[in-house]
Amino acid sequence: MSIAIKIDNDAIAANVRVLRERATGAQVMGVVKADGYGHGLVEAGRAAREGGATWLGTAQPSESLALREAGDTGRILTWLYGPDGPFDALVAADIDMSFGSVKVLEAIAAAARAAGKVARLHLFLDTGLGREGCPLDLLPALLDRAKALQDEGVLRVVGMWSHLAWADQPGHPTINHQASVFLVGLELAEERGFELEVRHIANSAATLTRPDLHFDLVRPGIAMYGRPPVEDPEGGDWGLTPAMSVTTRVALVKPVHAGQGVSYGHEYTTDRETMLGLVPVGYADGVFRAGGGGRAHVAIRGRRYPIAGRVCMDQFVVDLGPDTEVTEGDEVVLIGPGGPSAADWADAVGTIDYEVLCRFGGLRPKVDA
Ligand SMILES: *Cc1c(COP(=O)(O)O)cnc(C)c1O
């Protein structure tokens, strides 16, 4: 065996329950973009529904369509595309769609008109993230056009939404500023007679730290996979359980002399007679090469070992010490209970736990727990 990526779907469901309780009455959208942050799109979606998510969300339209094809009949929102859609398929599949420009709005309207259906839309307002969505200056014109199309009967604007730049830094002044821009946008919509079903701006961090920004719907991603996006003031982990574990087994244990260089370039040299353990996973399996040189750790029999020397394509080495009880076949925990977390890897290699989850989850077939 090489690498085992196990996903605990019950943990995802339990995490969504925790978030639903935190959501102060707002509905919960389980964000399952990027293959459910590497946890499996359809499985994570099912677990989110089980935990009480009344919405699912994916950036890519293909993933929303895949959820429908897999039998999900609930509300699903997708948001990342240009004017080429695929709006015919999204309209046919009854997926809620985001828009932030007149051009995309017209393209969606054309698809709905052709299908004889009423498209459900969420206007994405860029309140300051500087990424997708309509800037406030262009909002009045976009709302006016949307209202005309709504009056024509081809679409209904059911939501207005936005996304925060600094939600993971509670108290950052941009959060309140973005919230105030959002309120201005909502007022402009109400003035024009839109009756919005869902207003939403909160990701995981804001779901946990800003109840005043829950509005009608919150959109947690990382937290539903069990990774706390911000520190829990109560010193815990918000009651969240990590859903992904990454393990393998020791392939070889062998004695070496003092002064043995280890792995390519001999960046690590043993300083005594010792036992080396060979771990049969490498950067082709998602193990960050930047974790070599002692930066990242793994756990074997409950003890932590830094990676000795360089991470190779399919393997790396740990120095087990002279008196080790570790034997070939023992489990090696790269991520999971008793071992490092995704955040430990992120700290070791200079990234965020989001990328660690996507990386491990994305590269190998998953084994259900
Ligand atoms: C990814 C994403 C989320 C979820 O963010 P987390 O920080 O993982 O909770 C919510 N909304 C939008 C628009 C996103 O792109």
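What you are looking at is a predicted structure, and each value in this text was computed from that prediction instead of being measured. Order of listing sets the numbers, starting from 1, for every ligand and every atom in it.
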For residues 331-344, which side-chain N or O atoms pair as donor and acceptor with protein atoms under 3.5 Å away, sequence neighbours left out?
{"from": "Ser341", "atom 1": "OG", "to": "Ala343", "atom 2": "N", "distance (Å)": "3.2"}
{"from": "Ser341", "atom 1": "OG", "to": "Asp344", "atom 2": "N", "distance (Å)": "3.0"}
{"from": "Ser341", "atom 1": "OG", "to": "Asp344", "atom 2": "OD2", "distance (Å)": "3.4"}
{"from": "Asp344", "atom 1": "OD2", "to": "Ser341", "atom 2": "N", "distance (Å)": "2.9"}

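Summarising the hydrophobic clusters (Ile, Leu, Val, Met, Phe, Trp, Tyr; side-chain heavy atoms under 4.5 Å, direct or chained), the residues clustered with Val256 are Leu252, Val262, Tyr268, Leu276, Leu278, Val317.
The option with the heavy atom closest to atom 5 (O) of ligand 1, from among Trp161, Tyr37, Phe124, Tyr354, is Tyr37. The nearest non-hydrogen atom to atom 1 (C) of ligand 1, considering only Met29, Arg219, Lys33, Glu132, comes from Lys33.
A salt bridge does not link Arg359 with Asp353: every distance from a Lys NZ or Arg NE/NH1/NH2 to an Asp or Glu carboxylate oxygen is 4.0 Å or more.
Ranking the protein heavy atoms by distance from atom 12 (C) of ligand 1 puts His163 CE1, 3.3 Å first. The nearest protein atom to atom 9 (O) of ligand 1, hydrogens excluded, is given as Ser204 OG, 2.5 Å; this is a heavy-atom distance.
Under the side-chain contact (heavy atoms from CB on, under 4.5 Å) test applied with Trp345, the options Val287, Leu357, Val246 reduce to a single match, Val287.
Note that the NE2 atom of His177 and the CZ atom of Phe182 stand 14.0 Å from one another [nearest 0.5 Å]. Taking CD1 of Ile352 as the reference point, atom CZ of Arg227 lies at 11.5 Å (rounded to 0.5 Å).
In the vicinity of Pro220, heavy-atom distances shorter than 4.0 Å reach the ligand 1 atoms 9 (O). The atoms of ligand 1 that sit less than 4.0 Å from any heavy atom of Arg131 are 15 (O). Heavy-atom contacts of Ile222 reach the following atoms of ligand 1: 6 (P), 8 (O), 9 (O) (cutoff under 4.0 Å).
Residue-ligand proximity: Arg227 is placed with every non-hydrogen atom at 4.0 Å or more from ligand 1.
Considering backbone and side-chain N/O of Ala205, none are found under 3.5 Å from N/O of ligand 1.
Under a hydrophobic-cluster definition in which Ile, Leu, Val, Met, Phe, Trp and Tyr are linked whenever side-chain heavy atoms come within less than 4.5 Å, directly or via other members, Leu80 and Leu129 are assigned to different clusters.
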